Amino acid sequence: MTLRIYNDLHRRKEEFEPLEPGRVRMYVCGMTVYDYCHLGHARVVVVFDVVYRYLKARGHEVTYVRNITDIDDKIIQRANEQGIPFHELTKKFIDAMHEDFDALGVERPTLEPRATGHLEEIIRMIQALIDKGHAYQAENGDVYYDVRSFPGYGRLSGKSIDDLEAGARVEPGEGKRDPLDFALWKAAKPGEPAWDSPWGKGRPGWHIECSAMSTSALGDTFDIHGGGADLTFPHHENEIAQSEGATGHPFVRYWMHNGFVRVKEEKMSKSLGNFFTIREILEHYRPEEVRYFILTSHYRSPLNYDEEHLVNARKALDRLYTALRGLPRAEPGEADQYVEAFNAAMDDDFNTPEALAVLFELVREINRVRPENEKKAARMGAELKRLGGILGILQEEPEAWLKGTPSGSEGLTDEQIEALIQQRLEARKAKNWAEADRIRDELKAQGIVLEDSPQGTTWRRE
RNA sequence: GGCCUGGUGGCAGAGUGGUCAUGCAGCGGCCUGCAAAGCCGUGUACCUCGGUUCGACUCCGGGCCAGGCCUCCA
């Protein structure tokens, strides 16, 4: 069985073979930390978290690097607006980002480099580009990449320099030789944070940060580079030009881009203002519901945000957890055909919707087997939980999940519920069905669902 | 304008040249004091017009529609 990944560089699925067998080097473009993360950011980190987990589950040793852009125009602007030093602003949002991602159950990457911690590498790379004739310093002090000096420019995004040229414009005072040239180093303006360099005080451009951080952490050539589809051009195109221009080696073997989160058929983005932050959503929905929702569509497809879908995610997770509820502890087993189907789905370019479908098929089998053979069901349940772990779901205690509330909601306490159930039990013993049903209806009105079984009555929150 | 995706049942969302997705919702049955949960069963789904084929939702071409990139954006 081989893993196939859709490689954006060639626009087709390709068999995945890491440069070094058993070892995968992966880089994902992380956040620019000037605001809270929204659902679009959540999608990137959840998607690549699953890629990371699955590669590990497949037995690879994975070095996963996800950077933090902690210096750029927007950060400076926002810090100035608030009258605080830029690093104070970035610290606040880096902390918030970690809170949000931790809440979503996203594993921390192996390394999380920050641009401001890699000025040396950045400067060295820019110098190499100048030395090799790929970059030049303009009269305004900025250093630009000479796009026409790199023959492969446009290969990833499928654009030709000449087509791009048509719509491009040079802003006054930029001093570019060609409108498509982009800044590697921006000369310091008054009041801006600045670092010393051979070209005077200034700061790095956005694109060069990722080239420098990725190659310094993973080497000139590495296996997977990921990010949102909006980064394909120009960011990733520029990264290729920079890294290959500077090192002379191929940069990335497999390029992966996830699709956008949409709101009413439009891309969710800061500029459109139609975004929902992770923390807003987590006020009303549980992290696992958000995560499940993200995984219900394939990572390259668009994902339409709608609260109804989050509600649906909870119902689906309820079914999964219900199958696990009350099963004795056991070692995973008895479910080979489901494990195979799950792996086949994941091997096919990380097809999480199909992998989830397999989980539901396994659930049906567990529910079927359970009455006759609880031990077998328990082993299958353990397997279900293990597979869920690869997707980052189903790791809660089933009982806790089913009795849990979305944060923020209020109602009866567990003790009050148990007391009412006890009362109802008395009524049922006396065959006072009217009273028993009254209590059940009362609880139902509060969002509590009762389930009677020969073993007793259980309850859950809707 | 250039380039790139995609249009699947009530909703969401996979997938395949000729039997099944899956979840939610619906309907019938079993189970239950009645329910719930669970199990079993159930739905003339594949934008449109042509073409290829014994056969296409699946391949090819046109059209229509939606979204994206071409400027900071995950």
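Each chain gets a letter, A, B and so on, in the order the sequences are listed, and its residues count up from 1. Here the structure is a predicted model, which is why all the values come from computation and not from measurement.
- Separating the CZ atom of A:Phe350 from the P atom of B:rG13 is a distance of 21 Å, rounded to the nearest angstrom.
- B:rU52 and B:rA25: their C1' atoms are spaced 40 Å apart (whole Å).
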What side-chain donor-acceptor pairs closer than 3.5 Å can you find for residues 352-362 of chain A, not counting sequence neighbours?
| from | atom 1 | to | atom 2 | distance (Å) |
| --- | --- | --- | --- | --- |
| A:Thr352 | OG1 | A:Leu295 | O | 2.9 |

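- Checking A:Glu81 against A:Gln77 by side-chain atom types alone, a donor-acceptor pair falls below 3.5 Å.
- Rounded to a whole angstrom, the distance from the C1' atom of B:rU44 to that of B:rC64 is 25 Å.
- Partners of A:Arg203 according to the side chain to side chain donor-acceptor pair (under 3.5 Å) rule, which considers only residues two or more places apart in sequence or in another chain, are A:Asp73, A:Glu192.
- Side chain of A:Asp349 to main chain of A:Lys13: no donor-acceptor pair is present (N/O by atom type, distance under 3.5 Å, no hydrogens or angles).
- B:rA35 and B:rG26 have their P atoms separated by 15 Å, given to the nearest Å.
- Looking only at distances, a side-chain donor or acceptor of A:Arg291 sits under 3.5 Å from a matching main-chain atom of A:Leu104.
- Legend: residues meeting ring-ring contact (aromatic ring centres under 6.0 Å, His included) with A:Tyr27, ordered by chain and number and at least two apart, are A:His225.
- Looking only at distances, a side-chain donor or acceptor of A:Thr90 sits under 3.5 Å from a matching main-chain atom of A:His87.
- Between A:Lys267 and the phosphate of B:rA74, there is no side-chain N or O to OP1/OP2 separation shorter than 4.0 Å.
- When only modelled atom types and interatomic distance are considered, A:Glu209 and A:Asn67 share no side-chain donor-acceptor pair under 3.5 Å.
- Across the protein-nucleic acid pair, A:Asp318 atom CG and B:rG38 atom C1' stand 14 Å apart, rounded to whole Å.
- Applying the side-chain contact (heavy atoms from CB on, under 4.5 Å) criterion to A:Arg279, with sequence neighbours excluded, gives A:Tyr36, A:Ala96, A:Glu99, A:Asp100, A:Thr277.
- Taking the C1' atom of each, B:rG63 and B:rC11 are spaced 28 Å apart, rounded to whole Å.
- A:Lys270 comes within 4.0 angstrom of no nucleic acid atom, judged by non-hydrogen atoms across all strands.
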Item to check | Pair A:Arg78-A:Asp35, salt bridge (charged side-chain N to carboxylate O under 4.0 Å, His left out): steps then yes or no | outcome: CA-CA 9 Å; A:Arg78 189 66 62 93; A:Asp35 207 343; 3.6 Å; yes

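- For B:rC70, its base never sits under 3.5 Å from the side chain of A:Lys159 at any donor and acceptor pair.
- Spacing of C1' atoms, B:rG7 relative to B:rG13, comes out at 13 Å, to the nearest Å.
- In this view, A:Glu365 and A:Arg368 satisfy the side chain to side chain donor-acceptor pair (under 3.5 Å) rule, not counting sequence neighbours.
- Separating the C1' atom of B:rC47 from that of B:rU42 is a span of 27 Å, rounded to the nearest Å.
- Nearest nucleotide to the side chain of A:Arg424, out of B:rC72, B:rC34, B:rC24: B:rC34.
- Put simply, A:Arg314 has no side-chain N or O that comes within less than 4.0 Å of OP1 or OP2 on B:rG23.
- Using a 4.0 Å cut-off on heavy atoms, none of the residues of residues 102-113 of chain A approach RNA chain B.
- Contacts of A:Tyr292 classified as ring-ring contact (aromatic ring centres under 6.0 Å, His included), with partners at least two apart in sequence or in another chain: none.
- Using a 4.0 Å heavy-atom distance criterion, A:Asn258 is classed as a base contact.
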Between protein and nucleic acid, restricted to nucleotides 46-48 of chain B and to nitrogen or oxygen atoms under 3.5 Å apart, what atom pairs and distances do you find?
none

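- The residue A:Arg66 sits apart from the nucleic acid: no heavy atom pair falls under 4.0 Å.
- For B:rC31, there is no paired nucleotide, since no Watson-Crick or G-U wobble pair has both relevant distances below 3.5 Å.
- Ionic pairing of A:Arg460 and A:Glu451 is present here: one or more N-O contacts between side-chain nitrogen and carboxylate oxygen are shorter than 4.0 angstrom.
- When only modelled atom types and interatomic distance are considered, A:Tyr54 and A:Asp347 share a side-chain donor-acceptor pair under 3.5 Å.
- The residue A:Asp452 sits close to a base: some heavy atom pair falls under 4.0 Å.
- Taking atom CG on A:Asp35 and atom C1' on B:rC72, their separation rounds to 14 Å, with Å as the unit.
- Contacts of A:Thr296 with the nucleic acid, taken as non-hydrogen atoms under 4.0 Å apart, involve only primed sugar atoms and P, OP1 or OP2.
- The cationic atom of A:Arg286 (NZ for Lys, CZ for Arg) lies less than 6.0 Å from the six-membered ring centre of A:Trp401 and within 45° of the ring axis.
- The pairing partner recorded for B:rU52 is none, the criterion being a Watson-Crick or G-U wobble arrangement whose two distances lie under 3.5 angstrom.
- Judged by Watson-Crick or G-U wobble contacts below 3.5 Å, the nucleotide B:rA21 has no partner.
- A straight line from OH of A:Tyr34 to P of B:rC72 spans 13 Å, rounded to a whole angstrom.
- Look at the P atom in both B:rG10 and B:rA45: the space between them is 9 Å, to the nearest Å.
- Between A:Gln455 atom CD and B:rA37 atom P the separation is 17 Å, expressed in whole Å.
- At a non-hydrogen distance threshold of 4.0 Å, A:Ala357, A:Phe360, A:Glu361, A:Arg364, A:Asn367, A:Arg368 from residues 356-373 of chain A come into contact with RNA chain B.
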I'd like a list of close polar pairs between nucleotides 4-8 of chain B and the protein, N/O only, cut-off under 3.5 Å.
none

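- Base contact: A:Val261 has a heavy atom under 4.0 Å from a base atom.
- At the heavy-atom level, A:Gly30 lies under 4.0 Å from the strands shown only through sugar-phosphate atoms.
- Non-hydrogen atoms lying under 4.0 Å from RNA chain B are contributed by A:Asp437, A:Arg440, all within residues 435-443 of chain A.
- As judged by a 4.0 angstrom heavy-atom cut-off over every strand, A:Glu451 is placed among the base-contacting residues.
- Checked against side chain to side chain donor-acceptor pair (under 3.5 Å), A:His235 has the following partners two or more places apart in sequence or in another chain: A:His207, A:Glu239.
- Atom OH of A:Tyr153 is separated from atom C1' of B:rC70 by 11 Å (rounded to the nearest Å).
- Distance NE2 (A:His298) to P (B:rA21): 21 Å, rounded to an integer number of Å.
- Inter-residue side-chain proximity for A:Asp437 and A:Arg440 is flagged as met; some heavy-atom pair is nearer than 4.5 Å.
- In this structure, A:Tyr299 places its OH atom 13 Å from P of B:rA14, rounding to the nearest Å.
- Comparing the C1' positions of B:rC60 and B:rG17 gives a spacing of 13 Å, expressed to the nearest Å.
- Heavy atoms of A:Arg319 sit under 4.0 angstrom from primed sugar atoms or phosphate atoms, though from no base atom.
- The ring of A:Phe93 has its center no closer than 6.0 angstrom to the ring center of A:Tyr34.
- Between B:rA14 and A:Ser301, a contact under 4.0 Å exists linking OP1 or OP2 to a side-chain N or O.
- B:rC69 and B:rG2 make up a base pair, with Watson-Crick or G-U wobble contacts both under 3.5 Å.
- A cation-pi geometry, defined here as NZ or CZ lying under 6.0 Å from the six-membered ring centre and within 45° of its normal, holds between A:Arg300 and A:Tyr6.
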